[in-house]
Amino acid sequence: MTVYKKNKSKKIWVYEDNDMRNSATVDTEESVNADTDDAEIGLTQLDSAFRSEWQANGFPQTHKELAELESK
């Protein structure tokens, strides 16, 4: 019996997909920072995570900032 056939028959346990982008509840629950950060009010947890990523990477936060970057 080959090693491939031996390994094929084994059951392997893996973690369930826990990526927040695949979760419907994360996109409906309010941001956990909404109480302390006025910019987070009205954002979902998913929106909050994306906002944090955009800030860390220096993406423009407003349409005005975006227009200024495009005009340069």
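Sequential numbering from 1 along the given sequence is applied to the chain's residues. Everything numeric here is computed off the predicted structure, so don't read it as measured data. Only heavy atoms go into these numbers, but all of them, side chains included; no hydrogens, no water, no symmetry mates.
Within the structure, side-chain hydrogen bond (donor to acceptor under 3.5 Å, both in side chains) contacts touching residues 49-60 (residues at least two apart or in different chains) are Glu40-Arg51. Counting only residues at least two apart or on different chains, no salt bridge (Lys or Arg N to Asp or Glu O under 4.0 Å) pair has a member in residues 56-69.
Under the 4.5 Å side-chain heavy-atom criterion for Ile, Leu, Val, Met, Phe, Trp and Tyr, Leu43 and Val26 are members of distinct hydrophobic clusters.
For the side chain to side chain donor-acceptor pair (under 3.5 Å) test, no residue two or more places apart in sequence or in another chain qualifies with Thr28. Judged as a side chain to side chain donor-acceptor pair (under 3.5 Å), and not counting sequence neighbours, the contacts of Glu29 are Gln45. A search for side chain to side chain contact (heavy atoms under 4.5 Å, CB included) contacts involving Ile41 returns Asp38, not counting sequence neighbours. Every side chain to side chain donor-acceptor pair (under 3.5 Å) that Asp47 has, sequence neighbours left out, goes to Thr44.
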